[in-house]
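Reminder, nothing fancy here: chain letters follow the sequence lines and each chain counts from 1. Every value quoted in this text rests on a predicted model; they were computed, and no experiment measured them.
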2 protein chains.
Amino acid sequence: MEKSTKSKILEAATELMAESGYSGASMRKIAKRVGIRESAIYNHFKNKEAIFETILENLFHSAFDEFFAKRSVEDEARKGKRFLKEYVMAYKLISFDPKHEKFFRIILIEMMREKKVRELFMKHFFDKDVKMLAQAFFVMMQHDLVRSDDPKLMAQEFLSPLFTMRLQVMLLRLDGAPTTSFSTLFERHVDFFWQGIAIVS
Amino acid sequence: MEKSTKSKILEAATELMAESGYSGASMRKIAKRVGIRESAIYNHFKNKEAIFETILENLFHSAFDEFFAKRSVEDEARKGKRFLKEYVMAYKLISFDPKHEKFFRIILIEMMREKKVRELFMKHFFDKDVKMLAQAFFVMMQHDLVRSDDPKLMAQEFLSPLFTMRLQVMLLRLDGAPTTSFSTLFERHVDFFWQGIAIVS
DNA sequence: GTCTATAGAGAGATAGAC
DNA sequence: GTCTATCTCTCTATAGAC
């Protein structure tokens, strides 16, 4: 089965937008990359905006969510530090995955332009994970694995370094710079954080 | 003393770029806001890029740096938690300051477009502060105020939540959304973090 | 130092033949 | 469903009069 022209357009548009944003991905360039004329694009999408909308819709269907959807946070959280290690490992994989990196870039570029993208950003890079992590920390507190505190605050504190690492990794890779030092940093984050919250009995 | 046309151009360009980036700030719009013709701009700047360069140069002359340049990190760090409180207070002020917010936005929008801006971003939003904070934590470790660990790691862990808060504040304010909950979050961050690293004797 | 006028490039989009 | 041709708009930048 050949790739449809429609999916080729989406693929080309995604790449171009990840390189230089919505305005940088002109219909001319998209058409050229696919190997058709600009006018032919309009047989598949109403206009440029429609292409972008479709990309956004597909953006968050993969991920992460699946990884944790399968599991019960209630059960997993009882593993304490091991749970955090697994979570961070998944986060790290996504940070270094080329496809997710493209999406991350598009979101970052376009969130300054469109409110809708800003909301997606907040939801998928903060709120969603904070909520899940807060739940996990709550369970850990109940089982006296970690010290008692506001679970949501703890979740934000745990997530923030991961986000800034991901951001820095993405920026360095834009320039083809090495990111090896970040590889161990993800793990060291868990160790550091755990030492600050663990109850040693 | 009247504002020079040149400085008016810079001011207009800064505002427009903070709203919609380099490409969104057209020479037409800049000229219109200043109250002159586009061609007149070229009497003051070689081209559009030169306007942007000038803005970037001025970006980091104010700030923060001044606040801490006056002080000796060596001495200040001995205050332990009080030092962190003061640092975060300064960080918070900047996060809510309209002028710094404009700069922050421009940097965020344009760092995806230009390597030079990416480097400025890394330097001024991470490296510079991490370096200073690492120095401070090192002093605190020497004085047995905080537990022994890698000072640089500790600095990154301390700074990351501040950065993500600043980012979220900026995004919310773009939409005119309330940011009151973040006001206390800055202080709560210090309390939380301190509890994780402090040596109680 | 500002203006008018205009060049020249690139963008998004449509009409109509095949 | 793709093509050629073309419209219209916006952009950066320059030439030359005042």
### Message
Whole angstroms only, please: what is the CD1-C1' distance between I51(B) and dT12(D)?
### Response
11 Å

### Query
Quick one: do the S160(A) and S160(B) side chains pair a donor with an acceptor below 3.5 Å?
no

### Query
More 5' along DNA chain C: I41(B) or Y42(A), using each one's nearest nucleotide?
I41(B)

### Task
Rounded to the nearest angstrom, tell me the gap between atom CE in M27(B) and atom C1' in dA13(D).
8 Å

### Query
Are side-chain N/O atoms of S7(A) and S4(A) paired as donor and acceptor at under 3.5 Å?
yes

### Query
CZ of F52(B) versus P of dT12(D): gap in Å, rounded?
14 Å

### Task
Please tell me which of G24(B) and S39(B) maps to the more 5' nucleotide of DNA chain D, matching each residue to the nucleotide holding its nearest heavy atom.
G24(B)

### Query
Contact class for T5(B) (heavy atom, under 4.0 Å): base, sugar-phosphate, or nothing?
sugar-phosphate

### Query
Are any of S26(A)'s side-chain N or O atoms less than 4.0 Å away from OP1 or OP2 of dA11(C)?
yes

### Message
Distance to the ring centre below 6.0 angstrom and angle to the axis at most 45 degrees; does that hold for R113(A) and Y22(A)?
### Response
yes

### Task
Please state how far atom CD in E38(B) lies from atom C1' in dA15(D), giving the value in whole angstrom units.
15 Å

### Message
Just the rounded figure in Å: distance from C1' of dG12(C) to NE2 of H44(A).
### Response
17 Å

### Message
Side chains of Y87(B) and E76(B): any donor to acceptor distance under 3.5 Å?
### Response
no

### Task
Look at the side-chain N and O atoms of R28(A) and state whether any lies under 4.0 Å from the OP1 or OP2 oxygen of dG10(C).
no

### Task
Could you tell me the separation between the CD atom of E49(B) and the C1' atom of dA13(D), rounded to a whole number of Å?
14 Å

### Task
Find the distance K46(A):NZ to dT14(C):C1' and express it as a whole number of Å.
13 Å

